[in-house]
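Remarks on the structure that follows.
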Amino acid sequence: MQRSMISTHLAAVSLRDLALVQAVHRHGSFNSAARAMHISPSGLSHQVQKVEQALGAPLFERGGRRVVATAGGQRLLQQIDAVLVAAEHLQQVARAGEVAFGGALRLGLPASLGPYLLPHLIAPFPQHFPGARLGISEGKPRGLLRRLHEGELDAVLAPSTATVSGIASRALFFEPWELMLRADHPLAGRPGIALEQLDQAEAILMAESHADGLGDSEQGHVQDVSLESLAALVSLRGGYALVPALAHERLASMPGIVLARLKGSTSGREIALYWRDASPWHDDLHAFAELLRKLARQRPGLRVRSGKG
């Protein structure tokens with residue numbers, strides 16, 4: 001409704017006035033409503049008349065032992081109830097600003113990171129951000145960053161990328177690739193293996209590790225699948241794959257699979273936290289980044305970055 005459509009009389013009616021009308025209807029008595037609302041009966045009657053005059057219609061039948069609503073008053077009282085409920089909701093939303101992230105953080109993570117980081121994040125998150133809910137969306141990094149830019153997500157954890165206008169970032173940690181082989185591979189069982197010892201034609205690569213320059217489309221097979229599916233392919237076809245270190249515990253437990261360190265290699269992915277420059281939760285997001293960096297220090301193989309954007 002446009003402001004120009006609200007009469008000056010109705011504009012002068014306060015939420016307190018509407019609450020007094022509601023109290024009369026609820027108690028069925030001016031005296032009982034006055035006691036409940038801590039106002040004199042005459043003052044209550046005056047405020048109710050003010051509302052009736054602003055609406056141009058009587059709300060109650062007076063004179064009987066019990067105050068009852070008129071037929072038209074019943075319909076108006078339903079609208080008054082709706083206005084007061086909306087005002088209460090507005091107040092709750094405003095108060096949510098006192099809670100980190102306004103009460104909810106919509107976080108996007110790549111499918112190759114989420115399942116292996118979240119088990120370490122779920123418990124400490126409410127301890128560091130009481131009252132805030134953590135909502136999770138998985139997807140591909142490019143799609144997650146697009147959704148962040150369009151306002152569907154509040155923050156995204158993803159491999160470092162080129163600077164995007166309107167998006168802030170903070171470096172978190174470097175996650176090295178590990179080598180995943182079928183248990184009967186000739187090099188299986190060695191703690192460290194150099195890439196030069198491997199045949200690129202046997203590679204079954206994640207799209208992310210392929211983008212890191214490890215292999216090409218003519219040698220090896222680039223797969224856009226989950227890490228569990230990647231492990232299944234290695235188990236069925238043989239060969240090897242490059243996988244992120246955070247997935248070590250889960251992948252090492254899969255039958256027919258062994259993991260090894262990449263000897264003399266610094267290949268991996270830089271993980272950063274992204275959010276919109278216009279976000280009102282900058283302080284909360286910096287605190288969230290610090291929590292993530294703290295968790296990274298506790299995970300073997302990860303190297304925490306300085307934290308600069």
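Note: hydrogens, waters and symmetry copies are ignored here, and every other heavy atom, side chains too, is used.
Partners of Arg133 by salt bridge (charged side-chain N to carboxylate O under 4.0 Å, His left out), not counting sequence neighbours: none found. In this structure, the salt bridge (charged side-chain N to carboxylate O under 4.0 Å, His left out) partners of Glu152, at least two apart in sequence or on a different chain, are Arg147. Under the side chain to side chain donor-acceptor pair (under 3.5 Å) criterion, Arg276 pairs with no residue at all, not counting sequence neighbours. Evaluation of the ring-ring contact (aromatic ring centres under 6.0 Å, His included) rule for Phe60 yields no partner, not counting sequence neighbours. Partners of Glu270 by side chain to side chain donor-acceptor pair (under 3.5 Å), not counting sequence neighbours, listed by chain and number: Arg305. Partners of Arg62 under the salt bridge (charged side-chain N to carboxylate O under 4.0 Å, His left out) rule, at least two apart in sequence or in another chain, are Glu52. Evaluation of the side chain to side chain donor-acceptor pair (under 3.5 Å) rule for Arg261 yields no partner, not counting sequence neighbours. Partners of Glu249 by salt bridge (charged side-chain N to carboxylate O under 4.0 Å, His left out), not counting sequence neighbours: none found. Glu150 is linked by a side chain to side chain donor-acceptor pair (under 3.5 Å) to Arg146, counting only residues two or more places apart in sequence or in another chain.
Hydrophobic cluster membership differs between Leu157 and Val304, with clusters built from Ile, Leu, Val, Met, Phe, Trp and Tyr side chains linked at under 4.5 angstrom. If you chain together hydrophobic residues whose side chains sit under 4.5 Å apart, Ile271 and Ile122 fall into the same group. Hydrophobic clustering (ILVMFWY, side-chain heavy atoms < 4.5 Å, transitive): Leu179 and Leu187 are in one cluster. Linking Ile, Leu, Val, Met, Phe, Trp and Tyr residues whenever their side-chain heavy atoms come within less than 4.5 Å places Val83 and Leu77 in a single cluster. Follow the hydrophobic side-chain contacts under 4.5 Å out from Tyr116 and you reach Phe125 in the same cluster.
Contact check for Leu227 versus Arg250: no side-chain heavy atoms found under the 4.5 Å cut-off. In this structure the side chain of His286 reaches within 4.5 angstrom of the side chain of Arg170, judged on heavy atoms. In this structure, Phe288 and Phe101 have side chains that are in contact, with non-hydrogen atoms separated by less than 4.5 Å. Annotation: side chain of Leu121 is in contact with side chain of Leu291 (closest heavy-atom distance under 4.5 Å). Looking at Ile136 and Leu134, their side chains come closer than 4.5 Å, going by heavy atoms from C-beta outward. In this structure, Pro124 and Leu295 have side chains that are in contact, with non-hydrogen atoms separated by less than 4.5 Å. The shortest side-chain heavy-atom distance between Ser267 and Leu242 does not fall under the 4.5 Å cut-off. Two residues are said to be in side-chain contact when any heavy atoms from C-beta on lie closer than 4.5 Å; Asn31 and Leu44 fail this criterion.
Heavy-atom minimum distance, Leu273 versus Leu285: CD2-O, 3.7 Å. Here the closest non-hydrogen pair linking Leu251 and Ala231 is CD2-CB, 4.2 Å. When all heavy atoms of Leu172 and Ala289 are compared, the closest pair comes out as CD2-O, 3.7 Å. Residues Pro115 and Pro110 share a closest heavy-atom pair of CD-O, 4.5 Å. Contact record, Gly238 with Arg182: N-NH1, 3.6 Å, taken as the closest heavy-atom pair. What you find for Trp177 and Leu262 is that their closest heavy atoms are O-CD1, 3.8 Å.
Crowding of Arg75 atom CZ: a count of heavy atoms from other residues, nucleotides or ligands under 6.0 Å not exceeding 12. For His120, the NE2 atom counts as densely surrounded, since its 6.0 Å shell holds more than 12 non-hydrogen atoms of other residues, nucleotides or ligands. Heavy-atom neighbours of Asp283 CG from other residues, nucleotides or ligands within 6.0 Å: at or below the threshold of 12.
Contact check on Lys263 versus Glu196 returns no salt bridge, with no Lys/Arg side-chain nitrogen under 4.0 Å from an Asp/Glu carboxylate oxygen.
Between the NE2 atom in His46 and the CD atom in Gln49 there is a gap of 7.5 Å [rounded to 0.5 Å]. One distance of note links OG of Ser112 with CD of Glu138; it measures 9.0 Å at 0.5 Å rounding. Once rounded to the nearest 0.5 Å, the distance linking CE of Met180 with OG of Ser235 reads 9.5 Å. For the atom pair CG (Leu153) and CG (Leu105), the distance works out to 9.5 Å, reported to the nearest 0.5 Å. Separating the CG atom in Leu55 from the NE2 atom in His9 is a distance of 11.5 Å, to the nearest 0.5 Å. Atom OG of residue Ser32 and atom CZ of residue Arg26 lie 11.0 Å apart, to the nearest 0.5 angstrom.
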Q: Would you sort out whether Trp275 and Asp154 count as a side chain to side chain contact (heavy atoms under 4.5 Å, CB included), showing the intermediate values?
A: CA-CA 6 Å; Trp275 66 89; Asp154 301 310; over 6 Å; no
Q. What do the steps show when you test His27 against Arg35 for side chain to side chain contact (heavy atoms under 4.5 Å, CB included), and what is the final call?
A. CA-CA 10 Å; His27 290 278; Arg35 286 194 297 271; over 6 Å; no
Q | Audit row: Phe30, Ser42, side chain to side chain contact (heavy atoms under 4.5 Å, CB included) steps and yes/no | A | CA-CA 9 Å; Phe30 276 87; Ser42 60; over 6 Å; no
**Q.** Check against side chain to side chain contact (heavy atoms under 4.5 Å, CB included), Thr70 and Leu76
**A.** CA-CA 10 Å; Thr70 64; Leu76 292 170; over 6 Å; no
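The salt bridge (charged side-chain N to carboxylate O under 4.0 Å, His left out) analysis of residues 109-118, with sequence neighbours excluded, yields no pairs. Residue pairs that meet the side chain to side chain donor-acceptor pair (under 3.5 Å) test with at least one member in residues 11-25, sequence neighbours left out, are Ser14-Asp17, Asp17-Gln47, Asp17-Lys50, Gln22-Asp81. Judged as a salt bridge (charged side-chain N to carboxylate O under 4.0 Å, His left out), not a single pair has a partner in residues 115-129 (not counting sequence neighbours).
Side chain of Tyr274 to main chain of Leu148: no donor-acceptor pair is present (N/O by atom type, distance under 3.5 Å, no hydrogens or angles).
A donor-acceptor pair shorter than 3.5 Å can be found between the side chains of His248 and Glu178.
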